[in-house]
Amino acid sequence: MADWKQISGGLTRIAVGSRTNVWGVNSAGNIYRYTNNDASPWQQIPGALTDIGAGADGTVWGVNSAGNIYRYTGDLPG
């Protein structure tokens with residue numbers, strides 16, 4: 001896999017909206033956002049999801065274990 005660079009961490013779901021809009025969920029349901037820094041790649045975001053999706057426009061959506069749907073608003077003004 002010469003054309004691939006391993007990034008530390010472990011995820012069960014990953015969503016990519018752009019090079020700088022990468023999100024993931026691990027097996028425990030914890031949510032992570034990629035920091036764009038391979039030395040410290042993931043920032044945990046509060047909440048728990050089983051699946052996640054990221055759009056090219058920066059929107060992020062998720063589904064929890066109960067099937068409830070959420071849209072991330074943590075980066076929007078108050």
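Quick note: numbers below take in every heavy atom, side chains included, and nothing from hydrogens, waters or symmetry partners.
For Asp57 and Thr59, the side-chain atoms include at least one donor-acceptor pair closer than 3.5 Å.
Aromatic ring centroids of Tyr70 and Trp61 lie 6.0 Å or more apart.
Applying the salt bridge (charged side-chain N to carboxylate O under 4.0 Å, His left out) rule to pairs touching residues 26-41 yields Lys5-Asp38, sequence neighbours excluded. Residue pairs meeting the salt bridge (charged side-chain N to carboxylate O under 4.0 Å, His left out) criterion with at least one partner in residues 20-31, sequence neighbours excluded, do not occur; the list is empty.
Partners of Ala15 according to the side-chain contact (heavy atoms from CB on, under 4.5 Å) rule, which considers only residues two or more places apart in sequence or in another chain, are Ile52, Ala54. With sequence neighbours left out, Arg19 forms a side-chain contact (heavy atoms from CB on, under 4.5 Å) with no residue at all. Judged as a side-chain hydrogen bond (donor to acceptor under 3.5 Å, both in side chains), and not counting sequence neighbours, Asn36 has no contacts.
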- Message: What verdict does the side chain to side chain contact (heavy atoms under 4.5 Å, CB included) test give for Tyr34 and Asn21, after you've listed the backbone C-alpha separation in whole Å, the side-chain angles of each residue and the deciding distance to 0.1 Å?
- Response: CA-CA 7 Å; Tyr34 183 63; Asn21 186 30; over 6 Å; no
- Message: Using side chain to side chain contact (heavy atoms under 4.5 Å, CB included), reason through Tyr72 and Ile31 one step at a time and then give a plain yes or no.
- Response: CA-CA 11 Å; Tyr72 182 67; Ile31 305 161; over 6 Å; no
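The shortest heavy-atom contact between Trp23 and Val60 is NE1-CG2, 3.1 Å.
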With a cut-off of 3.5 Å and sequence neighbours excluded, list every side-chain donor-acceptor pair involving residues 44-51.
{"residue": "Gln44", "atom": "NE2", "partner": "Asn30", "partner atom": "OD1", "Å": "3.4"}
{"residue": "Thr50", "atom": "OG1", "partner": "Val63", "partner atom": "O", "Å": "3.1"}

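Distance alone, capped at 3.5 Å, places no donor-acceptor pair between the Thr35 side chain and the Gln43 backbone.
Two residues are said to be in side-chain contact when any heavy atoms from C-beta on lie closer than 4.5 Å; Leu11 and Arg13 fail this criterion.
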